[in-house]
Amino acid sequence: MKTIQINTKNRFDIVDITSQVQSIVKNSGISDGIVTIFIPHTTAGISINENADPDVIFDLKNIFNHMIPEHNNYKHMEGNSQAHALSTLTSPSITLIIENGSIVLGTWQNIYFMEYDGPRNRKAHIKIIKG
Amino acid sequence: MKTIQINTKNRFDIVDITSQVQSIVKNSGISDGIVTIFIPHTTAGISINENADPDVIFDLKNIFNHMIPEHNNYKHMEGNSQAHALSTLTSPSITLIIENGSIVLGTWQNIYFMEYDGPRNRKAHIKIIKG
Amino acid sequence: MKTIQINTKNRFDIVDITSQVQSIVKNSGISDGIVTIFIPHTTAGISINENADPDVIFDLKNIFNHMIPEHNNYKHMEGNSQAHALSTLTSPSITLIIENGSIVLGTWQNIYFMEYDGPRNRKAHIKIIKG
């Protein structure tokens, strides 16, 4: 298992970790298999999304705030229940396919760390399985 | 890795790909393990849902449109930010268990390609890991 | 593949299955790899969330009911379309990393069975892959 460090800058933040994960896959020397990325935090997640247009991120933040209010008389005393719900909905885990030594992604896809309660110092664990 | 082709017919569409994925698993000759299905698109996803009642699909479309408006002054110029958000929430990846040469599914479960920005020609990648 | 039984108590219920899954991993004797947990039901899911404060669960229920109404003239005759949608959004599958003979989780993370249409007798399937 390998671990990468991610520093988020805002309460809601999206950080591209594609090149870091691809490097770990390349350095493993494993040509074919799968890779599981796991986020050990309850107010963040891992996702795949559009790599071209920063407006997608802008819209995503507004969509999530429309879907789940940031403040709504939540009982949880830290007040970050929106972040816990978004973490559950995004999932803290994703498994991707490795072929010819690199992760298979569509033309417009990158791998993003999803921060819902930043800014914080975060981690992502990466485990490769030979297939 | 194997790839299947999927032609979606509507902007919001749900296509049952269970038999195609089960065929790939059977033809692999692998009796026990896991299978990762990955969708290389940012406005689609992969999911498991009820295989019996087409009304579930009808309701799902209305639920998603209630949850995230199709149009809402989105900045992303393609205007399909709802589709990007639903792709992130559904996830473009799922990993299932193989036992006795076939994918383990509950009585009411089938595997569905979730189209949020169709109609389009789409793909799903399938990778089997022996376990 | 191993299977655990879960008895849910309410329509919306969240059951901590961390120790049961960790036991299966420990008893497997596999030190490093991944584990896929799969829920064979269309109105339930599997998730990771905060293990400390029961108010997170209380808020999560209210957030999901705000996001997707429990009743809304759904066509599906069983009337549980909210549960089908939440199952799709949470996902019935998650893959976690095994290191040094146990599942890697953050300090505040536990593994939860998410019930959206209980009370019912439910199952979770567990498959370990050596890595």
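A quick note: this is a predicted structure, and the numbers were derived from the prediction, not measured.
Contact of Leu105(A) with chain B is made through backbone and side chain together, with heavy-atom distances under 4.5 Å. Ile94(B) does not touch chain A: none of its heavy atoms, backbone or side chain, sits under 4.5 Å away. In this structure, chain A has heavy atoms under 4.5 Å from both the backbone and the side chain of Lys127(B). With a 4.5 angstrom heavy-atom cutoff, His84(B) touches chain A via backbone and side-chain atoms both. The contact between Thr36(B) and chain A is made by backbone and side chain atoms together, counting heavy-atom distances below 4.5 Å. For a residue to count as touching a neighbouring chain, one of its non-hydrogen atoms must lie under 4.5 Å from one of that chain's; by this rule Tyr112(A) does not touch chain B. Using a 4.5 Å cut-off between heavy atoms, Gln82(B) touches chain A through its backbone atoms (N, CA, C, O) alone. Interface remark: Ile39(B) contributes backbone atoms only to the contact with chain A (heavy atom separation under 4.5 Å).
In summary, Glu115(B) and Arg120(B) do not engage in a salt bridge, as defined by a charged side-chain N under 4.0 Å from a carboxylate O. Salt bridge status for Arg11(B) with Glu70(B): present, with a side-chain N to carboxylate O gap under 4.0 Å.
Most heavy-atom pairs under 4.5 Å with chain B, from the set Asn51(A), Leu60(A), Ile63(A): that is Ile63(A). Among Ser91(A), Gly33(A), Pro54(A), the residue making the largest number of heavy-atom pairs under 4.5 Å with chain B is Gly33(A). Of the listed residues (Leu89(A), Val56(A), Asn49(A)), the one with the most heavy-atom contacts under 4.5 Å to chain B is Asn49(A).
Enclosure of atom CG in Asn10(B) by more than 12 non-hydrogen atoms of other residues, nucleotides or ligands within 6.0 angstrom is indicated.
Listed for the Tyr116(A) side chain is no donor-acceptor partner under 3.5 Å among the backbone atoms of Thr42(A). With hydrogens and angles ignored, the 3.5 Å screen pairs no side-chain donor or acceptor of Thr3(A) with any backbone N or O of His125(A). A donor-acceptor pair under 3.5 Å is formed between the side chain of Asp59(A) and the backbone N or O of His76(B).
Across Val104(B), Thr18(B), Ile48(B), a single residue satisfies side-chain contact (heavy atoms from CB on, under 4.5 Å) together with Gln109(B), and that is Ile48(B).
Residues Asn100(A) and Asp32(A) share a closest heavy-atom pair of N-OD1, 3.6 Å.
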